[in-house]
**Student:** 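Encoded as structure tokens, here's the structure I'll be asking about.
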Number of protein chains: 2
Amino acid sequence: MKTYGQYCALARGLDLVGDRWTLLIVRELLSLGECRYVDLQRGLPGIATNLLAGRLRDMENANLVRRANLPRPANAVVFSLTDRGAALEGVVREFIKWGAPLMSSPMPQESFRAHWLLLPLRALCRDNNPTAQRQVVRVGTVDDGCDIIVDAGLIRVAPSGSDERPDTVVAADPGSLVALFAGTMPIDAAASAQLITGDVDAVRRVVGGISVAAGETTP
Amino acid sequence: MKTYGQYCALARGLDLVGDRWTLLIVRELLSLGECRYVDLQRGLPGIATNLLAGRLRDMENANLVRRANLPRPANAVVFSLTDRGAALEGVVREFIKWGAPLMSSPMPQESFRAHWLLLPLRALCRDNNPTAQRQVVRVGTVDDGCDIIVDAGLIRVAPSGSDERPDTVVAADPGSLVALFAGTMPIDAAASAQLITGDVDAVRRVVGGISVAAGETTP
DNA sequence: CTGGATCCGGGAAGATACTG
DNA sequence: CAGTATCTTCCCGGATCCAG
């Protein structure tokens with residue numbers, strides 16, 4: 001990006017991450033951790049491959065992204081954020097908070113990946129039943145989704161993988177997923193619509209943290 | 001801006017404010033409040049006038065900016081942020097925090113406006129002497145700067161204007177201003193270098209809040 | 001004088017094909 | 001798998017011009 005030429009923290013920050021796609025690449029790396037080139041392509045539908053390659057090079061030069069060559073398979077590469085890149089989490093979080101009101105419903109033609117919910121879920125989920133046993137709620141699928149691991153009052157949200165056996169799987173259209181975790185759609189309605197497979201109470205345990213925190217707790 | 005076409009809060013947010021110059025226009029309006037077209041031009045050195053006009057129109061359509069026609073002088077207009085636009089303050093604050101380490105020293109040719117310090121100063125300044133009388137420290141000039149009004153433990157930072165009589169004026173090169181309020185340059189050094197006019201203790205009162213807050217207080 | 005609109009050149013973004 | 005090469009399109013930047 002051409003520099004703004006302004007001695008200002010905001011302008012200098014935008015000089016580094018103000019380019020188109022850059023913050024979305026940061027979102028992918030914050031959500032997924034280390035990932036391969038094709039993982040980034042899957043998580044960034046619409047990006048041109050030359051643009052992705054160019055941005056990764058720029059971000060590497062700016063010390064935001066680290067590139068590591070794997071021994072096997074041959075020519076394999078993993079990308080990850082440096083500490084400086086990971087420090088953008090606050091920026092991304094505020095952006096997501098600001099953008100949340102724009103999420104009322106998906107547009108036709110709009111793409112969706114369940115792991116895009118990972119960062120929002122970290123803000124939205126709570127343990128409403130801290131004395132219960134450890135539970136895992138999967139949002140999406142094992143190939144693309146988030147695992148909400150709730151245990152003793154603590155929440156961890158990780159990209160879904162085969163290392164967790166979910167007690168519950170929430171698989172729904174994008175609009176319903178967002179509505180469910182935003183508290184707009186009642187959990188009962190989601191259950192009736194067959195969007196929840198497994199232990200529905202595990203969903204109740206983690207959903208609606210923000211509003212519930214100010215009100216009563218679910219037993 | 002072309003939409004990313006992603007049903008994601010970050011992507012949808014960037015659809016609205018990801019365009020070049022947009023967040024810098026928000027910075028100006030957050031810092032100055034209502035302002036005229038020429039004020040924006042002065043605060044955004046380097047922007048082309050057609051681009052500024054276009055962005056303002058886009059932001060008006062996105063409900064981020066409000067345009068009001070003044071009765072006098074003729075054709076005069078004031079721009080200001082809507083509530084939705086002002087809600088970007090959190091994003092801008094995080095960006096400034098992230099960009100702060102990039103501010104070590106100004107590049108030659110880089111432009112500077114003292115009122116760009118307004119948002120950072122809100123985070124940096126504290127009242128280290130809450131029992132003292134009300135004091136005003138001006139950073140920059142009456143035409144372009146910030147007035148730090150400190151009174152009974154409360155800090156207010158406003159764009160400088162003729163309605164305040166500063167007890168102290170800090171007028172220095174950009175690098176020294178940043179270093180002084182970031183705590184890198186000792187206040188004594190700034191005073192010796194004739195950068196501070198008036199009551200130096202008023203500067204001591206407001207500077208270095210973050211580090212001082214964890215340490216001892218200045219009497 | 002304020003608040004733009006118009007025109008144009010260069011460069012970044014986007015789409016697609018191809019390769020070690 | 002991880003890009004490069006190439007082409008097209010469109011946005012940005014700079015200058016100038018214009019209406020109220």
Side-chain angles (χ1 to χ4, degrees), chain A residues 1-6 11 14-25 28-29 32 34-62 65-80 109 111 143, chain B residues 1-6 11 14-25 28-29 32 34-62 65-80 109-111:
Chain A
M1 161 169 289
K2 184 171 164 44
T3 180
Y4 286 105
Q6 298 185 357
L14 288 170
D15 280 345
L16 293 185
V17 299
D19 262 325
R20 194 158 161 74
W21 292 104
T22 301
L23 276 182
L24 295 186
I25 295 173
E28 290 303 303
L29 291 168
L32 303 178
E34 297 195 334
C35 50
R36 312 284 294 270
Y37 191 85
V38 284
D39 297 328
L40 291 171
Q41 283 188 310
R42 271 192 283 270
L44 296 164
I47 197 173
T49 175
N50 58 346
L51 218 62
L52 176 56
R55 288 289 180 273
L56 287 170
R57 207 177 314 115
D58 295 341
M59 295 169 78
E60 202 182 345
N61 292 334
V65 161
R66 184 180 15 246
R67 171 194 316 250
N69 290 64
L70 292 182
R72 325 201 56 80
N75 291 339
V77 178
V78 282
F79 297 93
S80 58
Q109 293 276 16
S111 55
D143 292 322
Chain B
M1 158 168 290
K2 182 170 167 44
T3 179
Y4 287 105
Q6 298 186 357
L14 288 170
D15 281 345
L16 293 184
V17 300
D19 261 324
R20 195 158 160 74
W21 290 106
T22 301
L23 276 181
L24 295 186
I25 296 174
E28 289 303 303
L29 292 168
L32 303 176
E34 297 194 334
C35 48
R36 309 283 298 270
Y37 192 85
V38 286
D39 297 328
L40 291 171
Q41 284 189 306
R42 272 191 282 271
L44 297 163
I47 196 172
T49 174
N50 58 345
L51 220 62
L52 177 55
R55 287 290 181 272
L56 287 169
R57 205 180 319 112
D58 296 340
M59 295 169 78
E60 202 182 346
N61 292 334
V65 160
R66 183 177 18 243
R67 169 194 316 250
N69 291 63
L70 292 181
R72 324 206 54 79
N75 291 339
V77 178
V78 280
F79 298 93
S80 58
Q109 292 276 17
E110 215 168 27
S111 57

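Computation of the quantities below employed the complete heavy-atom set of this structure, encompassing side-chain atoms and omitting hydrogens, waters and symmetry-equivalent molecules. So you know, we letter chains A, B, ... as the sequences are listed, proteins then strands, and number each from 1.
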**Student:** Distance check needed: D:dC12 C1' versus B:Ile25 CD1, whole Å only.
**Tutor:** 13 Å
**Student:** Send over the distance from B:Met1 CE to D:dT9 C1', rounded to a whole Å.
**Tutor:** 16 Å
**Student:** Please produce a list of atom pairs where a protein N or O lies less than 3.5 Å from an N or O of nucleotides 18-20 of chain D.
**Tutor:**
unit_1, atom_1, unit_2, atom_2, d
D:dG20, N3, B:Asn75, ND2, 3.4

**Student:** Is any side-chain heavy atom of A:Thr22 closer than 4.5 Å to one of A:Leu16?
**Tutor:** no
**Student:** So how far is it from B:Thr49 OG1 to B:Leu44 CG, rounded to the nearest 0.5 Å?
**Tutor:** 11.5 Å
**Student:** Are the side chains of A:Tyr37 and A:Leu52 in touch, meaning some heavy atoms are under 4.5 Å apart?
**Tutor:** yes
**Student:** Is B:Arg36 close enough to C:dT2 that one of its side-chain N or O atoms is under 4.0 Å from OP1 or OP2 there?
**Tutor:** no
**Student:** Any side-chain heavy atom of A:Glu60 sitting closer than 4.5 Å to one from A:Leu56?
**Tutor:** no
**Student:** What is the distance, rounded to the nearest whole Å, between atom OH of B:Tyr4 and atom C1' of C:dA15?
**Tutor:** 17 Å
**Student:** Looking only at non-hydrogen atoms, find the nearest pair between B:Trp21 and A:Tyr4 and report the distance.
**Tutor:** N-OH, 3.0 Å
**Student:** Output yes when a side-chain donor or acceptor of A:Arg67 lies under 3.5 Å from a complementary backbone atom of A:Val78, and no otherwise.
**Tutor:** no
**Student:** Taking atom CG of B:Leu29 and atom SG of B:Cys35, what is their separation to the nearest 0.5 Å?
**Tutor:** 4.5 Å
**Student:** Can you measure A:Asp19 atom CG to C:dA13 atom C1' for me and round it to whole angstrom units?
**Tutor:** 10 Å
**Student:** Mind calculating the distance between CG (A:Asn69) and P (C:dG20) to the nearest angstrom?
**Tutor:** 19 Å
**Student:** To the nearest 0.5 Å, tell me how far B:Met1 CE sits from B:Thr3 OG1.
**Tutor:** 9.5 Å
**Student:** For DNA chain D, which residues in residues 39-55 of chain A have a heavy atom at a distance below 4.0 Å?
**Tutor:** A:Thr49, A:Asn50, A:Ala53
**Student:** To the nearest angstrom, how far is A:Asp58 atom CG from D:dG3 atom C1'?
**Tutor:** 15 Å
**Student:** Considering the options B:Leu24, B:Ile25, B:Leu32, which one meets the side chain to side chain contact (heavy atoms under 4.5 Å, CB included) requirement together with B:Glu28?
**Tutor:** B:Leu32
**Student:** C:dG4, OP1 or OP2 - any side-chain N/O from B:Arg67 closer than 4.0 Å?
**Tutor:** yes
**Student:** How many whole angstroms separate atom OH of A:Tyr37 from atom C1' of D:dT4?
**Tutor:** 9 Å
**Student:** By nearest nucleotide on DNA chain D, pick out whichever of A:Lys2 and A:Val77 is the more 5' one.
**Tutor:** A:Val77
**Student:** First locate atom CZ of B:Arg55, then atom CG of B:Asn50, and finally report the distance between them rounded to the nearest 0.5 Å.
**Tutor:** 9.5 Å
**Student:** Please determine whether a side-chain nitrogen or oxygen atom of B:Arg57 lies at a distance below 4.0 Å from atom OP1 or OP2 of C:dA5.
**Tutor:** yes
**Student:** Work out how much the helix from C:dC1-D:dG20 to C:dG20-D:dC1 bends between its end axes, five pairs an end, to the nearest 10 degrees.
**Tutor:** 40°
**Student:** Answer yes or no: is there a donor N or O on one side and an acceptor on the other, between the side chain of A:Arg36 and the main chain of A:Val77, under 3.5 Å?
**Tutor:** yes
**Student:** So, is A:Arg20 close to the C:dG14 phosphate, meaning a side-chain N or O under 4.0 Å from OP1 or OP2?
**Tutor:** yes
**Student:** Rounded to the nearest angstrom, tell me the gap between atom CG in B:Leu70 and atom P in C:dG4.
**Tutor:** 12 Å
**Student:** Side-chain N or O of B:Trp21 versus OP1/OP2 of D:dG13: is the shortest distance under 4.0 Å?
**Tutor:** yes
